[in-house]
Amino acid sequence: MTSAGTEALEARSDINPSTEPPAPKDIAGRSPTRIALARLAKDKVAVVCGLVLLLLVLAGLFAPVICNALNIYKDYSPGAPRASDVLDFDSYPLVGPPYYPFTWDHPLGVEPNTGYDNLALLLYGLRTSLFIAVLATVVSTVVGVTLGLVAGYAKGWVDSLLSFFIDFMLSFPFILGALALAPIITTRFGGNSETLGRAEFLSLVGVLVLFGWMGLARLVRGQVLSLREREFVQAAQVIGVPTRRILFKELLPNLVAPIVVSLSLALPAYVAAEAGLSFLGIGLSEGTSLGKTIASARGYYDTYPLYLWVPVGTIMVLVIALNLLGDSVRDAFDPKTRR
Amino acid sequence: MLGFVVRRLLSSLIVLLLASFVVFAVFYLGPSNPARPVCEGAGGRCTPERLVAIEKQMGLDKPVLSAYGEFMGGIVKGREIDFGASAYDCTAPCLGVSYDTRNFVTDELKERIVPTILLAIGGSIVFLVVGVTTGILAASRRGSSTDRLLVSGSLLVSSIPYYLLCLIAWIFLTLQTNIFPATGYFPITENPLKTIGGLLLPSLVLGFATAPAYARYTRGQMVETLGDDFVRTASAKGLPRRRVLFRHALRAAIVPIVTIFGLDFGALLAGTIFTEAIFSIDGIGRWGLEALDSPLDLPVITATVLVGATFIVVSNLVVDIAYGFLDPRVRIG
């Protein structure tokens, strides 16, 4: 992304951006990360997106609490209404939309065919989406950064091998890869619905990571290739600092900006990918997912529009907010942007 | 130059061989048994003894390397495929026999690839025209409100998940308002007009969803080129603005865009699964998705993944070699 970004970070930037206090007013001695955060706080789009995201994250985080308080259920757990109580013979709901007036028992209505509560499905779906996306982002960042660091720092055959592996993985079509792995998981764990759910969850994160780490690895490798020749690394080598320390204490702090940027752009991509794969039926088939809800709600666009458009709108808002925030983060961390 | 081409060809071949082996091995060693649907479909009870016999007949008891060799041999020179009761003489290039339809995968592939190619061409026309024009427009009025509107608009469009865009377009434009004809693939040999009608909306959605990336890229390239000396010279000698933009600046800026287009086109040929699934177009992507329904159609999945990877690798190769011809600096690397 920005080679100049890392150069600007040269001075000192081992500060963790998440625990950063609000930028102080004084001009002297601000680290580039601080400057970026101060820029971000002034960006109206970023602030609005951040607030929207905070709301959605809280909704997902407290899904069980909210569902308990409202007494709504996403499955047939004890206490949930039976399907025959809330559904008509034609499988459309007996309470709430589309044919009956609004009720506080089911603020967004109930799902046709199953009788689950739509709000509960939405909250738990949000939880699943965010959980999977965050997990995949963290793991793929760790993998990408580590492999990129190693490939860039170790010359010779290690670099050639890793670079070949990166190119090899990039030549696999992502969705086709997911398509190929889905049946294997389903056949292996198909017997038990609980283990199937867990296996699908892990394999989904695995697929996202498997096809998601290469971009960052390439980027980090390129940066390390040039950083490796700098004086501070040579100095560390000369005084006998162990390689692992050079990699993670000397080189890594210089890569904060590209890593943060790639992280913030990976997150929306993973949210969209999770819902998309579940929509195609090759993501989660057990458990709750917004993509799965959209797939089953497709046919109801005419008769029960609320059932379809609420999850569609939620994913859209979530992904757009994440994307716009990611774009603002990129601008904020780019020293070439002047404001 | 020849050395560069040969080296690039060889490395692509290695990537393809490795990719095909990984795909093949994942299925071959995977938990699902291709003999089971054959055994159950043959009529009568599927006893364990019969299952083992069919496995042996299908060659599933062989070690993975020799089975892979046989599969690759089939692609090169054809092979015999035994399916319990019935045997198939599969001529080269043989990708196996579908468990579901019992047709040759190669034959079905030839049919299925037509809509995917048409869709890729249709989508490309739209995103090249829309994206490049928008990019030129934004770059030529850099800093103006038009520029800002185009840039933020393209950011917003590219932020929306693609499949939701497809879904919304499909529901609003064909199902509820009938603005566009019903989507799908109708054989081009029967009624070309109907074919175009069925692929019109999918191509437009695909094009408009991909266009922002091209707009941003074109804008960046054009802004750079417009600052160059030869553009200033062209303007200074009194050429009309349009001529400067299209004849002089665009020509210099278009090369990297062609590169990206080459890669994207390869990826489109690998199957636009969401587009095909939502608009019910019987292309490669939807074929692969359908093969997941039970009974699992392993030869079809293997073939779609393989063909997809081949398209991506080949497009990479073509772009690299073309670039080597266009830009002498690349040849050394």
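Here is how names work: the chains are called A, B, and so on, in the same order as the sequence lines, proteins then strands, and each is numbered from 1.
Every salt bridge (charged side-chain N to carboxylate O under 4.0 Å, His left out) that B/R8 has, sequence neighbours left out, goes to B/D320. Judged as a side-chain contact (heavy atoms from CB on, under 4.5 Å), and not counting sequence neighbours, the contacts of B/I179 are B/L173, B/T177. When the side-chain contact (heavy atoms from CB on, under 4.5 Å) test is applied to A/D167, the partners found at least two apart in sequence or on another chain are A/L170, A/R218.
A/D302 has its side chain out of reach of B/L175: every pair of non-hydrogen atoms, C-beta onward, lies at least 4.5 Å apart. Side-chain contact between A/F168 and B/I14: absent, with no pair of heavy atoms (C-beta onward) separated by less than 4.5 Å. Using a 4.5 Å heavy-atom threshold, the side chains of B/Y163 and A/L277 count as separate.
Taking all atoms of both residues into account, the shortest heavy-atom contact from B/I278 to A/R298 is O-NH2, 3.6 Å. B/S159 and A/L324 get closest at one heavy-atom pair: OG-CD2, 4.1 Å.
Contacts of residues 312-322 of chain A with chain B at a heavy-atom distance below 4.5 Å involve A/V312, A/I315, A/M316, A/V319, A/I320, listed in sequence order.
Between chain A and the residues B/S11, B/A309, B/S315, the largest count of heavy-atom pairs under 4.5 Å involves B/A309. Contact tally against chain A (heavy-atom pairs below 4.5 Å) for B/L289, B/T302, B/T310: the top residue is B/L289. Per-residue counts of heavy-atom pairs under 4.5 Å with chain A were compared for B/N316, B/L167, B/V313; the largest is that of B/L167.
The distance from atom OH of A/Y300 to atom CD1 of B/I171, rounded to the nearest 0.5 Å, is 13.5 Å. We find the CD1-OH distance between B/I168 and A/Y301 to be 14.5 Å, quoted to the nearest 0.5 Å. The line from CG of B/L155 to CG of A/N323 is 7.5 Å long, rounded to the nearest 0.5 Å.
For A/F279, the part sitting under 4.5 Å from any heavy atom of chain B is the side chain, from C-beta outward, and nothing else. For B/A19, the parts lying under 4.5 angstrom from a heavy atom of chain A are both the backbone and the side chain.
Environment of CZ in A/F131: sparse, with no more than 12 heavy atoms of neighbouring residues, nucleotides or ligands closer than 6.0 Å. Within 6.0 Å of CZ on B/F208 lie no more than 12 heavy atoms contributed by other residues, nucleotides or ligands.
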